[in-house]
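Heads up: the structure comes next, in structure tokens.
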Amino acid sequence: MALYSEKVMDHFRNPRNVGIIEDADGVGEVGNAVCGDIMKIYLKINDDIITDVKFETFGCGSAIASSSMATELIKGKPLSEALKLTNKAVTEALDGLPGHKIHCSVLAEEAIKAAVKDYYEKKGIAYDKSIFPDCESCGHCCHEGE
């Protein structure tokens, strides 16, 4: 059996939604200090709908594939639906990831949540803090260098 599914390889070789949105409404950046992967998600939002999404990822093939798939899964969706996206859904959409690469799908989920949180904070929109990662205890290097 191959280590990576055809979908993982496709999203790694032909990632969707790569790039920067200069005037993004929300930006989320997360990282994993252990493996060194860093993901940055940019959101364009109109009437609570994600009209555009781009990503920049520094990391392995699984991290790139997870970022690409996650952006595909939330594009055109309401924020409420994007916030429900789980790393499990990303992994399933990719037809699986090796166990030691699951953290890549976790980063994709967290980067989306961080971008939505950034949007809410920029717009002064009240939100339920419990649905966002606890930056004090998550163990990621999201805010290193700030």
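This is a predicted model, so every value here is computed, not measured. Keep in mind that the numbers below use all heavy atoms, side chains included, and drop hydrogens, waters and symmetry copies.
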- Would you check, one step at a time, whether the test side-chain contact (heavy atoms from CB on, under 4.5 Å) holds for Lys40 with Phe58? CA-CA 9 Å; Lys40 196 168 190 175; Phe58 177 83; over 6 Å; no
- Query: Side chains of Val8 and Asp95: closer than 4.5 Å at any heavy-atom pair?
  - Reply: no
- Task: For the pair Asn46 (side chain) and Thr51 (backbone), establish whether a donor and an acceptor sit closer than 3.5 Å, ignoring hydrogens and angles.
- Result: no
- Message: Once rounded to the nearest 0.5 Å, what's the spacing between atom CG of Leu94 and atom NZ of Lys7?
- Response: 8.0 Å
- Would Ile20 and Ile45 show up in the same hydrophobic cluster when neighbours are defined by side-chain heavy atoms closer than 4.5 Å? no
- Note: with side-chain heavy atoms under 4.5 Å as the link, the other cluster members for Ile49 come out as none
- Message: For the CD atom of Glu92 and the CG atom of Asn87, what is their distance to the nearest 0.5 Å?
- Response: 9.5 Å
- May I ask you to test the Lys54-Asp52 pair for a side-chain heavy-atom distance under 4.5 Å? yes
- Item | side-chain contact (heavy atoms from CB on, under 4.5 Å) against Lys84, all qualifying residues, sequence neighbours excluded | none
- Item | Student check: side-chain heavy atoms of Val27 and Ile41 closer than 4.5 Å | no
- Residue list, side chain to side chain donor-acceptor pair (under 3.5 Å) with Glu56, at least two apart or on another chain: Tyr42
- Message: Show the nearest heavy-atom pair for residues Leu43 and Ala115, with the distance to one decimal.
- Response: CD1-CB, 3.6 Å
- Over all atoms of both residues, closest heavy-atom pair of Asp37 and Cys104: OD2-SG, 3.6 Å
- Item | Heavy-atom pair with the smallest gap, counting every atom of Ile38 and Glu29 | CG2-OE2, 3.4 Å
- To the nearest 0.5 Å, how far apart are CZ in Phe132 and NZ in Lys113? 8.0 Å
- Ile112 CD1 to Phe55 CZ distance, which is reported to the nearest 0.5 Å: 11.0 Å
Extract all donor-acceptor atom pairs below 3.5 Å that involve side chains of residues 119-126 and protein atoms in other chains or at least two apart in sequence.
| residue | atom | partner | partner atom | Å |
| --- | --- | --- | --- | --- |
| Glu121 | OE2 | Tyr127 | OH | 2.6 |
| Lys122 | NZ | Asp118 | OD2 | 3.1 |

Which donor-acceptor pairs under 3.5 Å do side chains of residues 59-76 form with protein atoms, sequence neighbours excluded?
| residue | atom | partner | partner atom | Å |
| --- | --- | --- | --- | --- |
| Ser66 | OG | Ser62 | O | 2.9 |
| Ser67 | OG | Thr57 | OG1 | 2.6 |
| Ser67 | OG | Ala63 | O | 2.9 |
| Ser68 | OG | His11 | ND1 | 2.7 |
| Ser68 | OG | Arg16 | N | 2.9 |
| Thr71 | OG1 | Asn17 | ND2 | 2.9 |
| Thr71 | OG1 | Ser67 | O | 3.4 |
| Thr71 | OG1 | Ser68 | O | 2.7 |
| Glu72 | OE2 | Asn17 | ND2 | 2.9 |
| Lys75 | NZ | Asn17 | OD1 | 3.1 |

- Nearest heavy-atom neighbours spanning Leu97 and Lys101: CD1-O, 3.7 Å
- Item | Residues forming a side-chain contact (heavy atoms from CB on, under 4.5 Å) with Asp23, sequence neighbours excluded | Ile21, Lys44
